[in-house]
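Quick notes on the structure that follows.
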Amino acid sequence: QQYYSENQSYAAFLCVNIWLSPQQERKRALTVWSKVCFAIGGAPYQITATALGFFLQIFLLDVALLDPLNASVILFVGRAWDAVTDPAIGFLVSRSPWTRHGRMMPWILVSTIPAVLCYFLIWVVPPIEQGKIMWYLLFYCLFQTLQTCFHVPYSALTMFISNKQEERDSATAYRMTVEVLGTVIGTAVQGQIVGMANTPCINNTSPTNSSNHSVHAEDCFISHQPLAPQSSYLSLSQRLAYMIASAVISLIYVLCAVVLFFGVREQDNQGGLKAQKHVSFQTGLRLVMGHGPYVKLVLAFLFTSLAFMLLEGNFAVFIKYTLGFREDFQNILLVIMLSATFTIPMWQWFLCRFGKKTAVYIGIPVMPFMILVVCVKSSLFVSYIVSIAAGASVAVAFLLPWSMLPDVVDDFKVQNPTSQGHEAIFYSFYVFFTKFASGVSLGVSTLALSFAGYVTGVCVQSDSVNLTLKMLVSAAPVSLIALGLLIFKTYPINEECRQYNNKQLQLLLR
């Protein structure tokens with residue numbers, strides 16, 4: 001019966017395609033230029049997220065000179081607030097009226113300028129000591145809210161650039177390539193500009209790359225004495241470097257938004273179902289969270305994303321203090337992102353050839369190579385080699401979730417043909433869970449460093465801090481990845497299911 005129904009639907013699909021004229025098909029086709037412009041729109045989120053993920057913790061600790069406990073509060077509250085706003089923005093976007101620019105594009109356009117202003121102010125050290133925590137909390141939360149107004153509509157835009165599954169997959173591959181390139185840009189701009197203005201640590205003692213562990217703690221580590229006034233140790237050139245880097249990133253953010261707005265035409269892909277009534281937020285949420293494949297996909301990627309976020313948030317501090325490569329940490333981060341960029345096309349070919357689930361099992365477990373950095377004696381060469389392998393795993397973590405979410409949305413549409421228009425809710429809740437995980441990881445890891453005895457501005461941290469950093473960038477991520485892959489085994493949408501859903505949707509959308 002299923003075979004008969006499938007072939008009957010496919011025959012109807014062929015009849016409709018015969019009826020459509022070649023001119024109409026050409027009009028519906030997604031051009032390479034549109035895919036490129038769509039992909040460029042994903043760069044602002046990744047550029048700013050990478051800069052914040054890799055450098056905000058170390059900026060708050062070593063430049064703004066905040067106590068680790070206060071820094072953990074800022075990082076957790078900011079990311080938790082960001083996570084909470086995602087479902088709310090997703091609901092508002094799903095209820096937005098259709099305009100001549102579409103339903104998603106106005107959100108992207110209006111939020112851009114306020115977002116870049118708030119982003120710039122995050123990297124400014126205010127001239128007041130008492131209100132410094134509130135300064136960073138305010139502008140961090142504001143930026144996360146405004147960026148959500150950009151990113152949730154942009155993510156849902158995947159479903160509105162084409163009604164063809166293969167074109168959306170191709171556009172997603174373009175997007176992931178540019179987004180990983182965005183992480184390279186964010187790492188390069190922030191890391192290289194800031195790296196040119198390294199602040200000397202206490203006593204002006206800077207351990208060398210090859211002998212960092214031979215430096216005597218009594219020469220450059222003050223564990224129980226209070227730090228001198230801020231003006232004594234904080235380099236004004238480094239403050240200026242962070243501001244310049246944020247200004248450059250803000251300019252790139254605006255340019256990418258302009259390219260997206262003028263280069264992509266949003267389509268109304270509801271077709272014959274567009275007259276269906278919108279359901280309430282509670283009903284839509286119940287439908288979305290009751291869809292088994294979506295829940296399993298989100299849970300699986302929640303744990304793997306948490307693993308990558310733990311690594312991202314602590315890797316710069318780990319390289320700087322545990323490995324002792326104070327002058328090279330920005331270059332090592334850049335190698336990871338370059339490796340991820342170059343391997344995205346390879347993974348796109350792999351998932352098209354062998355399937356998306358296989359790509360997850362092969363690609364993400366590359367990450368445990370980070371254990372080598374922890375277990376092997378500190379070596380700059382080993383660090384670079386492992387960074388290349390880690391970059392290949394980062395590419396899979398970028399590509400697969402956004403490539404598989406449209407499959408889940410399509411499966412939901414097939415199973416619920418009378419309930420449409422929930423794309424923004426699907427995407428916003430996925431972003432909600434990943435951002436909440438990010439907030440938890442950053443807050444907990446910074447708090448762990450505080451309990452371990454992290455001291456701001458010193459050359460060498462204590463053994464307990466170094467041990468904590470090793471756990472945060474190796475053992476914890478590996479355990480989370482293993483748990484995520486275990487959950488992913490229950491994910492039911494394989495290649496055969498995708499093809500069947502594609503045929504059913506082509507019929508429904510006519």
Side-chain angles (χ1 to χ4, degrees), residues 44-45 47-89 111-152 186 190 194 227 230 234 238-243 245-247 249-250 253 306 309-310 312-314 316-317 428 431-451 454-457 472:
Y45 176 80
I47 292 173
T48 54
T50 301
L52 291 169
F54 277 131
F55 295 96
L56 183 58
Q57 184 188 57
I58 202 168
F59 169 80
L60 294 175
L61 293 174
D62 289 357
V63 179
L65 294 183
L66 292 178
D67 180 83
L69 180 61
N70 293 331
S72 68
V73 170
I74 293 171
L75 294 171
F76 174 74
V77 172
R79 296 299 281 180
W81 170 258
D82 182 28
V84 169
T85 59
D86 279 297
I89 297 299
S111 64
T112 297
I113 297 301
V116 298
L117 290 176
C118 292
Y119 177 79
F120 177 79
L121 291 173
I122 290 173
W123 302 100
V124 174
V125 179
I128 50 175
E129 283 296 322
Q130 297 301 322
K132 193 185 293 185
I133 298 176
M134 292 305 301
W135 172 282
Y136 292 116
L137 265 178
L138 173 64
F139 289 111
Y140 191 35
C141 290
L142 279 176
F143 171 72
Q144 298 290 11
T145 302
L146 292 164
Q147 191 185 51
T148 298
C149 294
F150 182 105
H151 191 245
V152 168
Q190 191 82 11
V194 171
L227 296 177
Q230 177 175 331
L234 182 59
Q238 192 170 45
R239 285 191 189 182
L240 181 61
Y242 273 99
M243 294 172 65
S246 63
I249 288 176
S250 297
Y253 192 117
L306 182 57
M309 290 167 187
L310 273 175
E312 180 187 62
N314 296 281
V317 182
S428 64
V431 176
F432 162 78
F433 287 121
T434 54
K435 286 183 177 179
F436 188 80
S438 175
V440 171
S441 67
L442 287 174
V444 170
S445 61
T446 310
L447 197 61
L449 291 177
S450 175
F451 289 145
Y454 183 94
V455 181
T456 300
L472 291 173

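No experiment lies behind these values; they were computed from the predicted model shown.
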Atom pair [atom1] ([X]) and [atom2] ([Y]), whose distance is rounded to the nearest 0.5 Å:
X	Y	atom1	atom2	answer
Y454	S72	OH	OG	13.0 Å
T145	W81	OG1	CH2	5.5 Å
W123	L240	CH2	CG	14.5 Å
N314	Q57	CG	CD	5.0 Å
I122	L117	CD1	CG	11.5 Å
I89	C149	CD1	SG	3.5 Å

Practice problem: Compare all side-chain heavy atoms of V124 with those of W135 and state whether any distance is below 4.5 angstrom. | Solution: yes
Quiz item: Side-chain contact, heavy-atom cut-off 4.5 Å: D62 with V317?
Solution: no
Exercise. Kindly determine whether F143 and L121 satisfy side chain to side chain contact (heavy atoms under 4.5 Å, CB included), including the steps that lead there.
Key: CA-CA 9 Å; F143 171 72; L121 291 173; over 6 Å; no
Self-check item: Donor-acceptor contact present, side-chain N70 to main-chain L66, <3.5 Å
Solution: no
Exercise. Flag the pair F150 / Y253 as yes when their ring centroid distance falls below 6.0 Å, and as no otherwise.
Key: yes
Quiz item: How far apart are the C-alpha atoms of V125 and F59, what are their side-chain angles, what is the distance that settles it, and do they pass the side chain to side chain contact (heavy atoms under 4.5 Å, CB included) test?
Solution: CA-CA 10 Å; V125 179; F59 169 80; 3.9 Å; yes
Work out which heavy atom in [X] is nearest to a heavy atom in [Y]; give both atom names and the distance.
X	Y	result
Q190	S246	OE1-N, 4.5 Å
P68	L61	CA-CD2, 3.7 Å
C141	G78	SG-CA, 4.0 Å
C118	L146	SG-CD1, 4.0 Å
F120	A247	CD1-N, 4.0 Å
A64	K132	O-NZ, 2.9 Å

Could you tabulate the donor-acceptor pairs under 3.5 Å formed by side-chain atoms of residues 48-56, not counting sequence neighbours?
from	atom 1	to	atom 2	distance (Å)
T48	OG1	P44	O	2.8
T48	OG1	Y45	O	3.1
T48	OG1	Q147	NE2	2.5
T50	OG1	Q46	O	2.7

Exercise. Ignoring hydrogens and angles, state whether a donor on the side chain of Y140 or Q144 is under 3.5 Å from an acceptor on the partner side chain.
Key: yes
Quiz item: Can you list the steps and then say if I133 with I74 is a side chain to side chain contact (heavy atoms under 4.5 Å, CB included)?
Solution: CA-CA 7 Å; I133 298 176; I74 293 171; 4.2 Å; yes
